[in-house]
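The structure under discussion appears below in the form of structure tokens.
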Amino acid sequence: MAEGFFSCFICGQLSDRFGRRPITLICITLFLLSGLVCAFSTTFIMFVIFRFILIFGMSGASATTFVLLMESVGANYRDVLGICFEFGWALGYIILPGLAWLIRDWSNLQLAITVPGVLFFSLWWQVTSF
């Protein structure tokens, strides 16, 4: 929980100063790299540290992308798109128990939930196109 708070505060300030797109790309990169390191961590302390960085990156990317979305749509569509933006989290929480039941090894489960994050890099090209 603390990493999400720090991430939103720090990434919010940085995105106001340097722009939302570069901070989003940095946060997505943090998320992917720390997720891969988590999957191959050798100690619990190493896992916890990189899991903190993973959640920091994911929270920062989510917050900056949400603000960018709200800034780029009209006032009439903000409420609907704001709710639709959060459907991914709900879907992830629904899918995760079944995925954990299928994938019993924690490191393979960590890889399975990190690797689809590569699709977030397509977000970079979508955001820079307008």
Side-chain angles (χ1 to χ4, degrees):
M1 296 294 288
E3 59 274 357
F5 171 74
F6 289 124
S7 175
C8 290
F9 179 73
I10 292 170
C11 292
Q13 296 298 319
L14 290 175
S15 66
D16 286 342
R17 183 175 192 137
F18 299 110
R20 309 224 188 283
R21 288 180 242 165
I23 300 303
T24 302
L25 183 64
I26 290 168
C27 287
I28 291 171
T29 304
L30 273 174
F31 162 70
L32 289 174
L33 292 178
S34 60
L36 292 175
V37 172
C38 276
F40 298 109
S41 61
T42 55
T43 65
F44 181 70
I45 298 297
M46 181 179 174
F47 177 79
V48 169
I49 290 169
F50 282 99
R51 189 72 183 170
F52 181 90
I53 297 169
L54 181 145
I55 296 171
F56 183 92
M58 194 61 218
S59 296
S62 179
T64 55
T65 306
F66 183 81
V67 171
L68 189 62
L69 174 69
M70 292 297 115
E71 289 175 343
S72 61
V73 299
N76 294 337
Y77 299 104
R78 285 186 186 152
D79 52 351
V80 173
L81 287 177
I83 292 169
C84 290
F85 184 82
E86 299 299 330
F87 281 159
W89 289 106
L91 184 63
Y93 280 124
I94 291 169
I95 291 174
L96 185 61
L99 194 61
W101 183 72
L102 291 172
I103 304 171
R104 301 292 173 134
D105 185 38
W106 68 270
S107 61
N108 290 335
L109 180 63
Q110 180 65 44
L111 281 174
I113 61 176
T114 300
V115 170
V118 173
L119 296 174
F120 287 130
F121 276 117
S122 66
L123 176 73
W124 175 254
W125 285 280
Q126 293 293 326
V127 168
T128 58
S129 65
F130 64 90

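In what follows, every heavy atom counts, from backbone to side chain, and hydrogens, waters and symmetry copies are set aside.
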Heavy-atom donor-acceptor pair, Ser72 side chain to Leu69 backbone, under 3.5 Å: yes
For Arg104 and Trp101, the nearest pair of non-hydrogen atoms, with its separation, is NE-O, 2.7 Å
Please tell me whether Val73 and Val67 are part of a single hydrophobic cluster in this structure, the criterion being side-chain heavy atoms less than 4.5 Å apart. no
Go through it in stages, so that I can follow the logic: the residues are Ile113 and Leu96, the test is side-chain contact (heavy atoms from CB on, under 4.5 Å), and I'd like the CA-CA distance, side-chain angles, deciding distance and then a yes or no. CA-CA 8 Å; Ile113 61 176; Leu96 185 61; 3.8 Å; yes
Take Phe56 and Phe31 through the test side-chain contact (heavy atoms from CB on, under 4.5 Å) and record every step on the way to the result. CA-CA 8 Å; Phe56 183 92; Phe31 162 70; over 6 Å; no
So, taking the atom named CD1 in Ile28 and the one named CG in Leu33, what distance separates them when rounded to the nearest 0.5 Å? 12.0 Å
Roughly how far, to the nearest 0.5 Å, is CG of Asn76 from CG of Leu81? 11.0 Å
If I compare all heavy atoms of Gly57 with all of Cys27, which pair ends up nearest, and what's the gap? O-CB, 3.2 Å
With the 4.5 Å side-chain cut-off for hydrophobic clustering, are Phe66 and Met58 part of the same group? no
Can you get from Ile55 to Trp106 by hopping between Ile, Leu, Val, Met, Phe, Trp and Tyr side chains that sit under 4.5 Å apart? no
Exactly one candidate in Val115, Leu54, Leu36, Ile103 meets side-chain contact (heavy atoms from CB on, under 4.5 Å) with Gln110; the answer is Leu54
Quick one: CZ on Arg51 to CE on Met46, what's the gap to the nearest 0.5 Å? 14.5 Å
Start with the C-alpha gap between Thr65 and Phe85, add the side-chain angles, then the distance that decides, and say whether side-chain contact (heavy atoms from CB on, under 4.5 Å) holds. CA-CA 9 Å; Thr65 306; Phe85 184 82; 3.9 Å; yes
Assigning hydrophobic clusters by single linkage (Ile, Leu, Val, Met, Phe, Trp, Tyr; side-chain heavy-atom cutoff under 4.5 Å), is Phe50 placed with Ile10? yes
Nearest 0.5 Å, please: how far is CH2 in Trp89 from CD1 in Ile94? 14.0 Å
If you draw a 6.0 Å radius around OH in Tyr77, do more than 12 non-hydrogen atoms from other residues or ligands fall strictly inside? no
Identify the two heavy atoms, one from Gly60 and one from Cys11, that lie closest to each other, and give their separation to 0.1 Å. CA-SG, 3.8 Å
Go through Ser34 and Phe52 one step at a time and tell me if the side-chain contact (heavy atoms from CB on, under 4.5 Å) criterion holds. CA-CA 9 Å; Ser34 60; Phe52 181 90; over 6 Å; no
Shortest non-hydrogen contact between Ala112 and Leu99, atoms and distance: CB-CD2, 4.3 Å
The reported gap from CE in Met70 to CG in Asp79 (rounded to nearest 0.5 angstrom) is 8.5 Å
What heavy-atom pair brings Leu111 and Phe40 nearest, and what distance separates the two atoms? CD1-CZ, 4.0 Å
Okay, side chain of Ser41, backbone of Cys38: is any donor-acceptor separation there less than 3.5 Å? yes
Under a single-linkage definition using a 4.5 Å side-chain heavy-atom cutoff for Ile, Leu, Val, Met, Phe, Trp and Tyr, are Leu68 and Val80 assigned to the same hydrophobic cluster? no
Looking at Arg20 and Thr64, would you say the former's side chain and the latter's main chain have a donor-acceptor pair under 3.5 Å? no
